[in-house]
Amino acid sequence: MVKYNIVGAFGVGKDELMRTEKMKKILSGYLRWPLILGILLVIMNIHVYTMDPEKGIYVSFYVGAYLLLALLLYLVRRRTVLRDLVSYAMRFQVATSKMAMEFEIPMCILDSNFISVWDNNRFREVFAPELGRRFGISEAIPEIDLKSMPKEVGETGDMHFHVGKSYYHAVIRRLDIDHTGDKETHSEKEMKRRARHIGISGQLFLLYVFDDTEMVRVVQENYDQRLDVGLLYIDNYEESLDTVDDVRRALLIALVDRKINKYMLQHDAITRKLEKDKYIFLVQHKYLAEIQADKFSILEDIKGINAGVAEETNITISMGVGSQVDTYRKRQEYARSAIDLALGRGGDQVVVKTKDNTLYYGGKSIEQEKNTRVKARVKAHALRDSISVADRLIIMGHNMPDVDAIGSALGIYRIATDLGKPARIVVDSVTSALEPLLKLFKGNKDYPEDLFLNAGQASEYVGNGNGVLLVVVDVNRPSYTDAPGLIEKVSSIVVIDHHRQTGEGFSNPTLSYVEPFASSACEMVAEIIQYSGDEVRLKTLEADALYSGIMVDTNNFMNKPGVRTFEAVAFLRRCGAEMIRIRKMFRTDLEEYKIQAEAVRNMNLFMDAYAIAPCHADQFSDPTIIGSKIANTFLDIQGVKASFVLTPYNGKIFISARSIDELNVQLVMEKLGGGGHINMAGAQLTDCTLEEGIEKVKKVLTDMRKDGDID
């Protein structure tokens with residue numbers, strides 16, 4: 001009856017009955033131990049008799065009583081004790097099994113093929129409500145990576161995944177059913193027993209799933225409440241207000257200030273005005289995500305003030321935000337670096353700098369030329385000081401240098417030479433476009449034979465770098481320079497460039513002069529020469545080189561020339577530059593014209609506005625320059641908003657992008673890893689065919705139209 005009652009009460013099967021009988025035998029053996037110990041007491045009693053018979057009688061009385069009670073316990077109460085102990089053990093086992101089934105933590109057992117052989121109620125409720133009795137774990141939890149399962153017995157693995165808005169942490173332990181470990185928990189032993197009961201042998205996986213949703217929510221909430229630091233500057237503040245009368249100026253300033261404060265208030269930001277044209281703000285990270293989602297609409301709101309109040313003004317703003325770093329001081333440093341980058345790229349944009357990334361927003365306005373030359377004068381004096389303390393100079397442009405890079409390098413060479421410092425120019429590869437210019441200096445008695453050095457010769461010239469000043473012109477990205485290996489060798493670096501800055505830059509240059517509004521590096525150097533001192537005098541050939549650089553980069557003064565561009569040209573003309581001589585030097589040969597005609601024939605007008613064409617100029621030493629000329633030519637076609645010419649060269653695809661004012665090609669090229677100006681930019685694609693490159697350009701344009709970045 002006892003067996004029947006246990007089976008009936010707890011639903012125990014044949015295996016459980018066998019375990020019960022085994023347990024009874026073990027417990028029965030434990031109950032015999034008092035009788036066995038009685039033998040030891042009898043031996044002790046005999047020993048006491050030999051020492052003192054009288055005391056032995058007393059001991060015999062107690063030993064006899066002990067043996068009588070032990071015998072009665074074994075013979076009379078044995079069944080009751082066994083029944084109660086076995087009943088308790090079975091109830092405890094069933095209770096633990098029931099607890100495992102009803103446990104709030106989802107659990108299951110997987111065989112070696114990751115098929116579920118047992119799962120508790122909670123697991124089935126959360127992950128497998130509609131699946132059968134046996135199912136693959138990938139059916140229940142597709143997010144689990146089977147390749148990351150523990151490989152060795154006893155090994156434990158962790159996985160994090162989410163289903164919808166719920167986040168989970170899975171713990172998986174690999175066990176061997178046929179071998180029991182000393183450190184196994186009770187639940188692991190119980191699951192092994194269940195696996196044996198249903199006929200599973202070999203190895204299995206124990207899976208526990210913990211719901212981390214609340215913890216993730218708290219962590220995310222804490223992360224969202226962290227304050228990001230931002231700086232907001234009004235671009236060209238003085239220049240924009242100079243042409244406005246006093247009454248309207250006060251109104252315009254008040255409207256700009258109100259617009260900024262209202263926008264920040266909408267996003268629960270704390271704003272303080274540092275100077276008349278500078279603000280600092282603190283904003284919760286969750287609101288920064290909202291601001292990024294609407295692409296910093298304040299940029300357009302500020303432009304709307306211009307149109308409504310003073311058409312002759314052109315007020316824009318730039319912002320830099322530091323985010324996703326641990327300390328407020330570090331975020332402030334990131335914000336300052338971001339605002340410098342935004343201003344260096346021409347303003348009217350936002351740069352968000354994080355520990356792992358730099359994001360750009362806006363930047364659709366054409367850079368506004370600054371009328372003041374104060375900055376040029378300050379930079380010229382700083383450059384003169386840097387040259388004065390150096391022993392010698394090495395001057396370098398970008399890889400595959402063009403006329404603008406070499407012309408500006410020759411201008412710096414003249415400053416250094418007239419200040420009594422030896423200087424050399426790095427030209428690692430000479431293109432056919434450069435040959436006419438370089439021929440004028442080779443064999444010229446006014447210049448050293450080794451004026452132009454390749455990368456190896458330049459490295460020998462620099463030596464250990466002590467006292468060497470490196471002047472980088474027409475490029476602000478170290479990886480794009482003609483000889484990047486020189487950068488780490490020299491004592492100090494000066495950067496002079498007119499391209500918009502990107503996230504890549506020189507670390508701690510002695511002097512950085514980057515002005516995106518300038519038409520060319522030659523224009524900037526021509527201005528610097530005018531403030532470098534009376535002893536600096538350009539020679540005719542150098543004036544020709546600088547004039548050529550301006551002419552080429554502005555596409556014969558059709559692309560972004562400003563007032564200061566023509567002032568620089570006037571200065572160069574006074575120094576002896578001759579237009580006719582320059583034009584003869586850069587005439588195009590017949591074969592190049594044929595290449596251009598072929599590109600025009602193969603041109604595809606994408607979206608009825610963007611000219612995209614391949615350029616096959618393998619027979620030329622400088623095919624990329626031909627590609628840029630073709631891109632300029634396409635802009636003369638009516639209806640073309642921008643042009644993209646792709647040129648295969650040295651295992652890469654070089655893209656030349658040009659526009660007039662209807663598309664910011666710099667934003668397009670940045671999405672392909674390049675950069676440049678609003679209307680003149682480029683990129684280099686690696687591990688890519690010409691056809692794949694064309695498709696990439698089309699995809700970027702398509703995505704930008706979807707995002708509303710282009711019409």
Side-chain angles (χ1 to χ4, degrees), residues 360 398-400 402 429 431-433 477 479-480 499 502 504 555 559 588-660 662-711:
Y360 305 96
H398 50 78
N399 55 3
M400 294 185 66
D402 56 10
S429 56
T431 62
S432 60
R477 301 176 67 172
S479 61
Y480 278 33
H499 297 97
T502 64
E504 181 189 1
N555 191 22
N559 182 20
T588 305
D589 65 18
L590 179 60
E591 292 302 320
E592 184 176 322
Y593 266 109
K594 290 180 179 180
I595 295 295
Q596 293 183 21
E598 181 69 14
V600 172
R601 190 175 69 85
N602 294 325
M603 184 264 286
N604 171 36
L605 196 60
F606 185 62
M607 294 182 180
D608 297 326
Y610 307 110
I612 302 176
C615 171
H616 299 284
D618 302 337
Q619 67 270 38
F620 291 89
S621 60
D622 51 353
T624 59
I625 295 178
I626 297 175
S628 64
K629 291 180 180 179
I630 296 171
N632 284 325
T633 302
F634 285 155
L635 296 181
D636 294 331
I637 300 174
Q638 188 173 5
V640 172
K641 294 181 178 179
S643 61
F644 303 89
V645 177
L646 291 84
T647 307
Y649 182 64
N650 283 345
K652 299 179 181 179
I653 303 297
F654 289 78
I655 305 177
S656 295
R658 299 290 186 271
S659 70
I660 298 178
E662 296 174 289
L663 175 68
N664 185 344
V665 291
Q666 182 209 5
L667 298 180
V668 180
M669 292 297 99
E670 282 183 343
K671 295 180 184 297
L672 294 170
H677 294 286
I678 285 178
N679 47 20
M680 182 172 62
Q684 300 176 15
L685 303 180
T686 57
D687 300 323
C688 176
T689 65
L690 186 61
E691 292 73 18
E692 290 171 346
I694 291 174
E695 291 304 316
K696 286 184 178 182
V697 174
K698 290 181 178 180
K699 185 178 185 305
V700 169
L701 292 171
T702 302
D703 292 343
M704 290 181 69
R705 172 170 284 185
K706 288 180 181 178
D707 295 338
D709 293 332
I710 61 176
D711 299 329

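Please read these numbers as outputs of a predicted model, since none were measured by experiment.
Atom CG of N602 and atom CD1 of I612 lie 13.5 Å apart (nearest 0.5 Å). Remark: I595 CD1 to I626 CD1 distance equals 6.5 Å, nearest 0.5 Å. Atom-to-atom distance recorded for S656:OG and F644:CZ is 11.0 Å, nearest 0.5 angstrom. Annotation: the span from K652 atom NZ to T647 atom OG1 amounts to 14.0 Å, rounded to 0.5 Å. For the atom pair CG of L646 and CZ of F654, the computed distance is 11.5 Å after rounding to the nearest 0.5 Å. Atom CD1 of I653 and atom CD of Q684 lie 11.0 Å apart (nearest 0.5 Å).
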Item to complete: Apply side chain to side chain contact (heavy atoms under 4.5 Å, CB included) to V645 and I655, showing your working.
Response: CA-CA 6 Å; V645 177; I655 305 177; over 6 Å; no

Worksheet item: Step by step, would you call M607 with R705 a side chain to side chain contact (heavy atoms under 4.5 Å, CB included)?
Response: CA-CA 10 Å; M607 294 182 180; R705 172 170 284 185; 3.6 Å; yes

Fill in: Stepwise side chain to side chain contact (heavy atoms under 4.5 Å, CB included) test for N679 and I660
CA-CA 6 Å; N679 47 20; I660 298 178; over 6 Å; no

Distance-only check: which donor-acceptor pairs under 3.5 Å involve side-chain atoms of residues 627-634, not counting sequence neighbours?
residue: S628; atom: OG; partner: I625; partner atom: O; Å: 2.6
residue: K629; atom: NZ; partner: E592; partner atom: OE2; Å: 3.0
residue: N632; atom: OD1; partner: R658; partner atom: NE; Å: 3.3
residue: N632; atom: ND2; partner: S628; partner atom: O; Å: 3.3
residue: T633; atom: OG1; partner: K629; partner atom: O; Å: 3.0

Please output the side-chain donor-acceptor pairs of residues 688-701 that fall under 3.5 Å, not counting sequence neighbours, one pair per line with the distance.
residue: T689; atom: OG1; partner: E692; partner atom: N; Å: 3.1
residue: T689; atom: OG1; partner: E692; partner atom: OE1; Å: 3.4
residue: E692; atom: OE1; partner: T689; partner atom: N; Å: 3.1
residue: K699; atom: NZ; partner: D703; partner atom: OD2; Å: 2.9

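Contacts of S479 classified as side chain to side chain donor-acceptor pair (under 3.5 Å), with partners at least two apart in sequence or in another chain: E504. With sequence neighbours excluded, no residue forms a side chain to side chain contact (heavy atoms under 4.5 Å, CB included) with D608. Remark: K594 pairs with E591 by the salt bridge (charged side-chain N to carboxylate O under 4.0 Å, His left out) rule, at least two apart or across chains.
The two residues Q666 and A681 come nearest to each other via the heavy atoms CA-CB, 3.8 Å. Taking all atoms of both residues into account, the shortest heavy-atom contact from A613 to A599 is CB-O, 3.7 Å. Across every non-hydrogen atom of A611 and V640, the tightest pair is CB-CG1, 4.0 Å. Closest of all the heavy-atom pairs between L635 and A642 is CD2-CA, 4.2 Å. Shortest non-hydrogen contact noted between Y649 and P623 is CD1-CG, 3.2 Å.
Residues M603 and I637 have side chains in contact (heavy-atom distance under 4.5 Å, counting atoms from C-beta outward). Counting heavy atoms from C-beta outward, V665 and M680 have side chains that stay 4.5 Å or more apart.
The stretch residues 667-690 participates, sequence neighbours left out, in these salt bridge (charged side-chain N to carboxylate O under 4.0 Å, His left out) pairs: R345-E670.
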